[in-house]
Amino acid sequence: MRLKEKFAWFLAMGALLFFHFYRLQLYTLNFPNWGDDYAFLELLDYVHQHGWKDNITYIFHFHNNIHRIAYSRAWVLLQYTLLGNLNFKTAIILANVQLVFILIPFHWFLQKIKRSPWHLVGIAALLLAPFGNIDNFNLIGVLQHTGSILFLVWIAYGLFYAENAVWLIFLALLYPFVSTEGIAFLPMVGYVLWTKKSPLKIPFTLFAIGVIVFYFHDYAGSASSTGQVTWPLFKGLFIFLGNWVLPISDSFRAWINFLAGIPVVLFFTWKILGSLRINITFPSLLFLQIAATGLLICYGRSGMGDLELIALSDRFLLYGNTMLMAIYGALIFHKQQTLRLPWALLLSGTWMIASFFMARRPLQEMNQRWKADLLGAYYFQSSSAYECPPETMQLLKKTYYRFDTEEIPSQFPDLDIQEITAINPIASRFQDGKLSLSWNQLPEKNTLSDQRFVVLKQEETPRKKYYIASLSNDYLNRIKHSNLLIFNKLPTTHFQVFLLNLPNNQSPTYQYLSPLTITNQGPLLR
């Protein structure tokens with residue numbers, strides 16, 4: 001490329017990365033956003049109380065009886081060693097640098113097949129498409145799932161363009177300790193090495209067997225799978241393979257994803273078997289591993305609830321972006337079938353812009369849910385987002401974690417009942433500790449940037465007890481709703497419901513809404 005073209009190329013790549021990291025800075029919080037994120041606080045608490053031998057063993061222990069997330073744990077320990085504390089926002093932003101390293105093998109791939117480096121801009125647009133990166137805004141997600149994609153891309157590239165490199169074998173054997181789907185990738189790696197007659201095929205096979213034995217040697221398991229091959233399992237798999245589709249319809253999203261997964265399977269089946277012999281390439285190997293991951297997820301979680309909702313989970317959206325990159329790579333792989341560069345950039349750029357608009361509301365509401373849990377943890381040592389035992393909540397008081405004061409109001413208001421007409425919810429439901437409330441008469445927000453929360457103040461308690469949850473769907477002329485968890489053993493509990501408003505850089509305000517009584521049979525308005 002000429003100097004001016006190089007400058008334009010670096011400018012385009014820099015802009016894509018800048019806006020991704022700008023969104024991270026805008027929406028992330030220094031707080032364990034999911035219950036799984038507390039595992040990293042538990043890790044730091046453990047290593048402070050044990051010797052190095054026990055700590056190394058603990059790094060490889062199972063997480064949730066399923067995953068050995070040694071890569072994630074080692075990454076957090078390294079950051080803690082270098083920085084002296086665990087700042088979740090800093091950790092999330094640094095972990096997202098993995099996305100840059102995912103692009104490096106694609107850059108080398110384009111050089112190997114002699115395609116324009118501008119194709120990397122199109123591939124980067126697909127990788128960084130905002131809706132597919134929602135999982136990258138929480139620490140466990142970006143370390144486990146983005147880390148999985150990172151290892152997948154590097155190993156897949158190495159198998160075809162550096163099959164005799166020792167680093168390839170090392171990454172492949174380490175992959176299962178990044179995420180469980182790495183186990184499924186080991187046979188694929190072995191198959192490619194044996195078909196290419198690599199001198200590393202026998203050492204790899206022996207070490208791979210050792211890794212599998214070690215991985216499952218103390219596996220206890222759980223009843224998360226029904227152990228049956230059913231239609232919902234296959235439907236969930238095709239929905240997973242169609243996760244690259246933007247959510248243009250909430251009502252039919254599952255079926256749209258299902259239908260989108262069919263042409264992907266047909267396309268790569270043609271690419272792999274179209275010549276009446278198995279022909280695996282770098283892009284098609286990415287597809288095979290994503291398909292294997294989807295099968296593991298759907299089979300392994302078939303007993304945990306609706307597989308459609310599981311397959312559509314935000315935490316798996318980056319696999320959809322990776323599928324798009326695999327399709328892109330397959331379309332430009334053969335010279336006679338090359339996707340013309342102008343069309344490639346137009347399509348990928350349009351996709352990224354559409355993804356940006358699709359991601360705005362989910363990111364805003366996700367940030368607000370996390371802010372609600374942050375306020376509850378900071379002021380009242382409780383969580384309304386997920387069941388969090390008191391001993392886990394106490395980890396937030398350890399020396400290796402500190403709240404960021406700029407994320408928290410200087411003072412939480414002392415909520416008092418106001419003599420106004422009650423604004424009762426139009427619908428309420430309480431089951432298994434989960435409370436859902438909906439309103440259609442709440443006053444609208446003063447500005448779009450305001451964040452509003454529903455606060456339940458429990459009556460008749462020796463000390464103040466509050467439950468804080470975000471107010472979702474808080475847009476003009478919409479039915480607002482709120483979901484929170486309330487775990488208590490009282491047969492009947494009385495609450496006062498308030499609407500809390502946090503304007504930007506201003507003191508919080510509140511409005512009394514209504515009384516609420518919750519019994520074992522459900523919520524009752526008084």
Side-chain angles (χ1 to χ4, degrees), residues 102 122-123 125-136 141 145-146 148-149 152-153 156 179 181 184-185 188 229-274 281 283-302 304-331 339 344 347-359 361-362:
I102 289 174
I123 292 172
L126 298 177
L127 175 64
L128 300 171
F131 186 80
N133 278 275
I134 290 178
D135 189 46
N136 283 22
H145 298 128
T146 306
S148 174
I149 300 301
L152 166 61
V153 171
S179 193
E181 60 256 32
F185 201 49
M188 299 185 204
V229 178
T230 60
W231 160 246
L233 187 150
F234 282 103
K235 184 180 179 183
L237 174 59
F238 277 91
I239 290 173
F240 183 88
L241 295 176
N243 256 344
W244 54 272
V245 178
L246 297 177
I248 56 177
S249 169
D250 291 336
S251 301
F252 299 99
R253 184 180 172 190
W255 279 107
I256 292 173
N257 274 37
F258 174 82
L259 295 175
I262 295 175
V264 171
V265 173
L266 295 177
F267 174 74
F268 279 105
T269 300
W270 170 56
K271 286 291 182 181
I272 296 171
L273 302 175
T281 62
S284 61
L285 190 60
L286 299 181
F287 159 76
L288 289 173
Q289 175 60 8
I290 294 173
T293 301
L295 184 61
L296 285 176
I297 291 170
C298 293
Y299 183 81
R301 304 189 181 206
S302 59
M304 297 177 64
D306 191 340
L307 275 180
E308 292 185 10
L309 296 179
I310 292 173
L312 291 170
S313 172
D314 291 348
R315 65 181 56 192
F316 303 132
L317 291 176
L318 187 62
Y319 293 92
N321 281 13
T322 307
M323 183 68 77
L324 285 177
M325 294 191 295
I327 294 172
Y328 192 115
L331 288 173
L339 177 65
L347 292 173
S348 59
T350 302
W351 190 267
M352 183 176 189
I353 293 172
S355 180
F356 167 78
F357 286 103
M358 290 292 183
R361 286 190 176 180

Set of salt bridge (charged side-chain N to carboxylate O under 4.0 Å, His left out) partners for Lys235, sequence neighbours left out: Glu308

Does any part of the side chain of [Y], heavy atoms only, come nearer than 4.5 Å to the side chain of [X], both counted from C-beta?
| X | Y | answer |
| --- | --- | --- |
| Thr146 | Ile102 | yes |
| Lys271 | Thr281 | no |
| Leu295 | Phe240 | no |

Please round to the nearest 0.5 Å and tell me the distance separating atom [atom1] of [X] and atom [atom2] of [Y].
| X | Y | atom1 | atom2 | answer |
| --- | --- | --- | --- | --- |
| Asn136 | Ile149 | CG | CD1 | 10.0 Å |
| Leu237 | Phe234 | CG | CZ | 7.5 Å |
| Leu241 | Ile290 | CG | CD1 | 8.0 Å |
| Phe185 | Ser148 | CZ | OG | 9.5 Å |
| Ile327 | Leu339 | CD1 | CG | 11.5 Å |
| Leu128 | Ser355 | CG | OG | 10.0 Å |

Exercise: identify the closest heavy-atom pair between [X] and [Y]:
| X | Y | value |
| --- | --- | --- |
| Pro362 | Ile134 | CB-CD1, 3.8 Å |
| Phe316 | Ala311 | CD1-O, 4.2 Å |
| Ser284 | Ile272 | CB-CG1, 3.8 Å |

Going by side-chain contact (heavy atoms from CB on, under 4.5 Å), name the residues that satisfy it together with Ile248, two or more places apart in sequence or in a different chain.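 With sequence neighbours excluded, Ile248 shows a side-chain contact (heavy atoms from CB on, under 4.5 Å) to Ile256, Met358, given in chain and number order.
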
Sequence neighbours excluded, the answer for side-chain contact (heavy atoms from CB on, under 4.5 Å) partners of Leu347 is none

Salt bridge (Lys or Arg N to Asp or Glu O under 4.0 Å): which pairs involve residues 311-320, sequence neighbours left out? none

Hey, is the main chain of Gln289 close enough, under 3.5 Å, to the side chain of Thr293 for a donor-acceptor pair?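 Confirmed, Thr293 side chain pairs with Gln289 backbone.
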
Scan residues 242-257 for pairs that pass side chain to side chain donor-acceptor pair (under 3.5 Å), counting only residues two or more places apart or in two chains.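 For residues 242-257: Asn243-Asn257.
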
Show me the side-chain donor-acceptor pairs of residues 318-326 shorter than 3.5 Å, one per line, residues at least two apart or across chains.
residue, atom, partner, partner atom, Å
Tyr319, OH, Glu181, OE2, 2.5
Asn321, ND2, Leu126, O, 3.1
Asn321, ND2, Leu127, O, 3.1
Asn321, ND2, Ala129, O, 3.4
Thr322, OG1, Leu318, O, 2.9

Worked verdict on Leu246 versus Trp351 for side chain to side chain contact (heavy atoms under 4.5 Å, CB included): CA-CA 9 Å; Leu246 297 177; Trp351 190 267; 3.8 Å; yes

